[in-house]
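Take a look at the structure below.
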There are 2 protein chains.
Amino acid sequence: MSYETPTAAERAFYDAFVKRDLDAMRQVWSDAPTVACVHPGGGLLLGPDAIMQSWAEIFEGAIAPRIQVKALHVRADVEVAWHLVEEHIRSSDQARAATVISTNVYQRDAGGWRMHLHHASLPLVETQPEPETRHRPLH
Amino acid sequence: MSYETPTAAERAFYDAFVKRDLDAMRQVWSDAPTVACVHPGGGLLLGPDAIMQSWAEIFEGAIAPRIQVKALHVRADVEVAWHLVEEHIRSSDQARAATVISTNVYQRDAGGWRMHLHHASLPLVETQPEPETRHRPLH
């Protein structure tokens, strides 16, 4: 299975993520040996087997997340497209929330688009610190 | 200035990084408002001003690094190219070392290629831990 546009592939990717649907996740990804995935704080995973195993571990026993995806930049060429997105992820019990920055690369193969790279990272530091005055001693 | 190939732009990027040459770094990047940069552990920087300010801060007072770049995947389309690389970074006094995973996206504009995205991340956990026997008690 493949998708008519990179955006359709991306929608399927996050849909599979939210539903923790491993089969749907497998369909979104290209089966090329060069596919690559970096989860937040994780190392580099190369190839479909390592990537699908990681999704199986993520889905296993996890509480279904709610994910709001904000596309910051979208660019499609003839056979390659890249999306820069912010993922606002919240556990369904609302206990945890995080904003993940992801670069998603899609490539067109026989008739359609599939995911080739998902590179996600979680900032360790706030990019917009509180105003300096908040930390200034009062005396 | 722009570059004849994405690989030439990438070479110029890491050359500017190693030499801490802010002017050269500015030349590598597209001046489009949609350029984006994520440093390891950092938040999302959007636009040339925020990105160049970050490089100025990185270069300021830093010891010149040694960087060995290993391209893991390279794909060029008509106007968009993406590279997945491992950066083996070592401070010149050899005191610190890190392996950073980066996705670099280049785009072709009037006559040449320039960097549009640098998304770098540092694994928080070892992906290939030492063999378990190394940690096993001897008794």
Side-chain angles (χ1 to χ4, degrees), chain A residues 6 30 32-47 50-51 53-54 57 70-88 98-109 113 115-129, chain B residues 6 30 32-47 50-51 53-54 57 70-88 98-109 113 115-129:
Chain A
S30 164
T34 50
V35 292
C37 184
V38 180
H39 294 295
L44 176 66
L45 303 171
L46 282 176
I51 292 171
Q53 190 188 326
S54 76
E57 288 165 7
K70 183 180 173 190
L72 300 172
H73 185 64
V74 166
R75 171 75 189 259
D77 201 351
V78 181
E79 295 186 338
V80 170
W82 70 283
H83 293 190
L84 179 68
V85 305
E86 263 181 7
E87 306 168 1
H88 300 278
T99 298
V100 170
I101 302 157
S102 288
T103 299
N104 296 326
V105 175
Y106 304 91
Q107 291 187 186
R108 181 151 70 170
D109 54 23
W113 292 87
M115 181 170 261
H116 214 96
L117 169 80
H118 174 63
H119 185 164
S121 58
L122 190 60
L124 295 178
V125 290
E126 290 290 331
T127 48
Q128 295 186 321
Chain B
S30 163
T34 50
V35 292
C37 184
V38 180
H39 294 295
L44 176 65
L45 304 170
L46 282 177
I51 293 171
Q53 188 187 327
S54 76
E57 288 165 6
K70 183 180 173 189
L72 300 173
H73 185 63
V74 167
R75 172 74 188 262
D77 200 351
V78 180
E79 294 187 338
V80 170
W82 70 283
H83 293 191
L84 179 68
V85 304
E86 264 181 7
E87 307 168 1
H88 300 278
T99 298
V100 170
I101 302 157
S102 288
T103 299
N104 296 326
V105 175
Y106 303 92
Q107 291 187 185
R108 181 151 69 169
D109 53 21
W113 292 86
M115 179 169 263
H116 214 95
L117 169 80
H118 174 63
H119 186 164
S121 58
L122 189 60
L124 295 178
V125 290
E126 290 290 331
T127 46
Q128 294 187 322

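Proteins come first, then strands; the chains are lettered A, B, ... in the order of their sequence lines, and each starts at number 1.
Shown here for A:Ser121 and B:Val38, the closest heavy-atom pair between the two residues is OG-CG1, 3.8 Å. Of all heavy-atom pairs between A:Ile101 and B:His119, the closest is O-CE1, 3.5 Å. Nearest approach of A:Val80 to B:Asp77, heavy atoms of both residues: N-OD2, 2.8 Å.
Ranked by heavy-atom pairs shorter than 4.5 Å toward chain A, the options B:Glu86, B:His39, B:Gln107 are led by B:Gln107.
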- [ ] Any chance you could lay out the side-chain contact (heavy atoms from CB on, under 4.5 Å) test for B:Leu84 and A:Leu46, step after step, and finish with the verdict?
- [x] CA-CA 11 Å; B:Leu84 179 68; A:Leu46 282 176; 4.2 Å; yes

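Proximity to chain B (any heavy atom under 4.5 Å) is shown, for A:Ser54, by neither the backbone nor the side chain.
Using cut-offs of 30° and 60° for the angle between ring planes, the A:Trp82 and B:His116 rings count as perpendicular.
Residues A:Leu124 and B:Leu124 have side chains in contact (heavy-atom distance under 4.5 Å, counting atoms from C-beta outward).
A distance of 13.0 Å separates CG of B:Leu117 from NE2 of A:His83, quoted to the nearest 0.5 Å. If you take CG on B:Leu44 and OG1 on A:Thr99, they are separated by 11.0 Å, rounding to the nearest 0.5 Å.
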